[in-house]
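Taking it in order: structure first as structure tokens, then the write-up.
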Number of protein chains: 2
Amino acid sequence: MAFREVFRMKKHFDYSALIGESNPLLRYPELLDAAIDEFSAKSCEDASLNEILKKSGMSKGSLYHHFGDKFGLYVAMMDIIVQKKLSYFYPLLSEELDTDDFFGILKRVMKATLEFVLADERMHHLSVRVMEESAEFRKRAFEFFVPDYFQALRAYIRYVMESGQIDTRYPPELVAKFIEIVLANLDKLVTDPEPDKRLETANQVLDIIQHGIAGK
Amino acid sequence: MAFREVFRMKKHFDYSALIGESNPLLRYPELLDAAIDEFSAKSCEDASLNEILKKSGMSKGSLYHHFGDKFGLYVAMMDIIVQKKLSYFYPLLSEELDTDDFFGILKRVMKATLEFVLADERMHHLSVRVMEESAEFRKRAFEFFVPDYFQALRAYIRYVMESGQIDTRYPPELVAKFIEIVLANLDKLVTDPEPDKRLETANQVLDIIQHGIAGK
DNA sequence: AGTGGTCTAGACCATGCGGTCTAGACCTAA
DNA sequence: TTAGGTCTAGACCGCATGGTCTAGACCACT
């Protein structure tokens, strides 16, 4: 029995076991839901573990056994959210899209983002909020499943600008940030209760990005 | 001496004494600065009073005497921030602006917002974050110094649309929200260290809103 | 000098936090 | 059956929180 403590002397929990197929959170749907609820309502630091445990019915012992600490639970949850978000963008890759048709692609990206937002607004908020956490925190959290959307977007925009589809007097970084911001706030722009109207509004947002709001 | 307790039985603190010229926070600049620091870094709920006290050197007794509770301090601070923000927009009213020149006015609004952002980014974040707090919280907090920017912006845009300056196929609410979002995220768009470049970038942002990013 | 009232300092309180620890249920292999 | 190992439940710990309370400094007035 006394050996127990020796074996417990792992001390350094292996966070990398939390991501991918072995993610233990996949086996506890109520815990996942409670975590998304709590972490999307408050920042990672301020979210209450006890609240999550109460909501999900899991015991503290189990949680610490599987996830090591609060941060482990957060990482496991973000892993699932990132996978979920990516699942909305994978179909895009298999479609036959002309990579030189920037606004055509942006339209599909907008639609995929919209669908992700509508599927679970809490996840959308989490995926957006992560980017506003401190750089130090992001580095620690993304050590495991780095999803560098934005780097890719910027590179692509820089490439597209050469084709003349985007006004060259704007710095590519500015254009990229502008688009990021609009996508990150899509939930505030598209609020119509009718599903049909939503895509229409999203496309109007795209039109604004493309042509501006000025009248003829 | 025992009467002391009776007199203390106010219990209901008069928050309305916290706003305007009698705002006690005006007499404690270090406290104001510490409060802005803490409240801008965390949400109102999660900000630490003890941290604010430590930073500012004020004692707990004094703080509760003057502000009633944590919320009182928050209200007093927001009052000062709102006044500060408004001070950047008052000059706009005295300028001779053609109210029918929407984009001319938007340019001035953009410039004033930029100046406010640059003057104190923490204040900018606070003034933006307030709008994302729960409706219940906002109602309680704004009972005292209601600054309904956005209602006004929407009404103005609806008015301007009739003049044909804005493409009428967009719903006025969408246009208003779009502009709100861009202004709220101006700090992310304008990051150039050179002051001269900043206004230039801000004007480019305005151009994007007006004409879009598409090339000729 | 004495009094009523305001303001300050900080000890103190209950509560809730993240995290640890242990007793024991449960499973599997010998 | 038994021993090793995994997992669960929840009591418990130290700590930080927002808020209360009191002793007394200070001030203005009589």
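Lettering follows sequence order; numbering is per chain, from 1. Computed from a prediction, not measured in an experiment: that's the story for all the values here.
Between the CD1 atom of B:Ile213 and the CD1 atom of A:Ile166 there is a distance of 4.5 Å, given to the nearest 0.5 Å. For the atom pair CD of B:Gln204 and NZ of B:Lys197, the computed distance is 8.5 Å after rounding to the nearest 0.5 Å.
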How far apart are the C-alpha atoms of A:Ser48 and A:Asn50, what are their side-chain angles, what is the distance that settles it, and do they pass the side chain to side chain donor-acceptor pair (under 3.5 Å) test?
-> CA-CA 5 Å; A:Ser48 163; A:Asn50 292 336; 5.0 Å; no
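In this structure, CD1 of A:Ile52 is placed 17 Å from P of C:dG16, rounded to the nearest angstrom. Atom pair A:His66:NE2 and D:dT6:C1' shows a separation of 9 Å (rounding to whole Å applied). The distance between atom CZ of B:Phe67 and atom P of D:dG19, rounded to the nearest whole Å, is 14 Å. Here the P atom of nucleotide C:dA9 and the NZ atom of B:Lys54 are 17 Å apart, to the nearest Å. B:His65 places its NE2 atom 17 Å from the P atom of D:dG19, with the value rounded to the nearest Å. Look at CG on B:Leu31: it is 11 Å from P on C:dT8, rounded to the nearest Å. Distance CG (A:Leu53) to P (C:dC17): 10 Å, rounded to an integer number of Å. Atom CD in A:Glu38 sits roughly 12 Å away from atom C1' in C:dC17 (whole-Å rounding).
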Treat primed atoms plus P, OP1 and OP2 as sugar-phosphate and everything else as base, then score nucleotides 11-18 of chain D 5' to 3': B for base contact with protein heavy atoms under 4.0 Å, S for sugar-phosphate contact only, - for none.
-> ------SB
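Pairs engaging residues 16-41 of chain A under the ring-ring contact (aromatic ring centres under 6.0 Å, His included) rule: A:Tyr28-A:His66, A:Phe39-A:Tyr74 [sequence neighbours left out].
Taking the six-membered ring for Trp and the full ring otherwise, the centers of A:Tyr15 and A:Phe71 sit less than 6.0 Å from each other.
Note on B:Ser59: a side-chain N or O is less than 4.0 Å away from OP1 or OP2 of C:dA9.
A:Arg158 contributes no side-chain N or O that, together with a main-chain N or O of A:Pro172, makes up a donor-acceptor pair within less than 3.5 Å.
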